[in-house]
Novice: 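Sharing a structure, written as structure tokens. Questions coming.
These numbers were taken from a predicted model, which means no experiment stands behind them.
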Amino acid sequence: MSESAVTDSGETDPRHESREGRNIFGRIALFVRQVISELKRVVTPTREELIRYIGVVLAFVAVMMLIVFVMDFVFNWLAAKVFGG
């Protein structure tokens with residue numbers, strides 16, 4: 001059996017190729033092949049998942065804004081009490 005990995009389609013997987021013994025252009029070409037190989041494995045979310053992810057992010061940002069607002073209000077009030085505002 002060969003040492004290089006083979007994908008389901010039967011082609012050699014560039015993610016497992018060695019960069020040793022290559023010049024700068026060979027390493028760049030290997031890098032580009034590895035990037036393309038990884039991009040083929042990316043799974044895009046469905047519309048429902050995307051909407052759910054956006055909702056989670058917006059809720060998290062809203063909670064963080066509320067926490068920062070409360071902390072700013074409390075520290076401002078404390079500073080006014082300590083320094084006589």
Side-chain angles (χ1 to χ4, degrees):
M1 182 156 272
S2 118
E3 291 182 27
S4 63
V6 176
T7 61
D8 294 335
S9 62
E11 57 193 40
T12 306
D13 191 355
R15 292 177 296 143
H16 300 289
E17 290 183 33
S18 174
R19 64 176 236 164
E20 294 178 18
R22 297 178 186 262
N23 62 13
I24 186 72
F25 298 110
R27 287 185 291 205
I28 291 172
L30 175 62
F31 174 74
V32 170
R33 284 196 308 272
Q34 289 174 340
V35 167
I36 291 170
S37 173
E38 287 296 322
L39 286 175
K40 287 180 181 178
R41 302 179 79 209
V42 172
V43 178
T44 56
T46 64
R47 184 175 183 87
E48 293 80 22
E49 289 173 332
L50 187 62
I51 291 171
R52 187 177 327 129
Y53 295 157
I54 290 171
V56 168
V57 169
L58 290 178
F60 177 78
V61 169
V63 167
M64 293 306 294
M65 286 174 55
L66 181 65
I67 291 171
V68 169
F69 172 77
V70 169
M71 289 174 62
D72 181 53
F73 185 80
V74 168
F75 290 142
N76 189 21
W77 179 79
L78 283 173
K81 288 294 183 184
V82 169
F83 299 114

Novice: Linking I/L/V/M/F/W/Y whenever any side-chain heavy atoms sit under 4.5 Å apart, do F73 and V70 land together?
Specialist: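 Looking at the clustering, V70 is in a separate group from F73.
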
Novice: What's the spacing between F83 CZ and L78 CG if we round to 0.5 Å?
Specialist: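 That separation rounds to 10.5 Å.
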
Novice: Same cluster for V56 and I67 if Ile/Leu/Val/Met/Phe/Trp/Tyr side chains link at under 4.5 Å?
Specialist: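 No, no single cluster joins them.
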
Novice: The criterion is side-chain contact (heavy atoms from CB on, under 4.5 Å); which residues satisfy it with V43, sequence neighbours excluded?
Specialist: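 Expected list: none.
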
Novice: Any chance you could pull the hydrophobic cluster mates of I51, using side-chain heavy atoms under 4.5 angstrom and chaining through other members?
Specialist: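 For I51, no cluster forms, as it stays isolated from other hydrophobic side chains.
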
Novice: Would you mind listing the cluster partners of V68? Hydrophobic ones only (ILVMFWY), side-chain contacts under 4.5 Å, chaining allowed.
Specialist: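 When side chains under 4.5 Å apart are linked, V68 ends up in no cluster with other residues.
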
Novice: Considering residues at least two apart in sequence or located in another chain, which fulfil the side-chain contact (heavy atoms from CB on, under 4.5 Å) criterion with L58?
Specialist: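 L58 satisfies side-chain contact (heavy atoms from CB on, under 4.5 Å) with I54 once adjacent residues are dropped.
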
Novice: To the nearest 0.5 Å, tell me how far F25 CZ sits from L30 CG.
Specialist: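 Here the rounded value is 15.0 Å.
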
Novice: Could you identify which residues cluster with M65, counting Ile, Leu, Val, Met, Phe, Trp and Tyr as linked when any side-chain heavy atoms lie under 4.5 Å apart, either directly or through a chain of such contacts?
Specialist: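 Direct or chained contacts put M65 with V57, V61.
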
Novice: Got a sec, which residues hit side-chain contact (heavy atoms from CB on, under 4.5 Å) with F31, two or more places apart in sequence or on another chain?
Specialist: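 Checked F31 against side-chain contact (heavy atoms from CB on, under 4.5 Å); matches are V35.
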
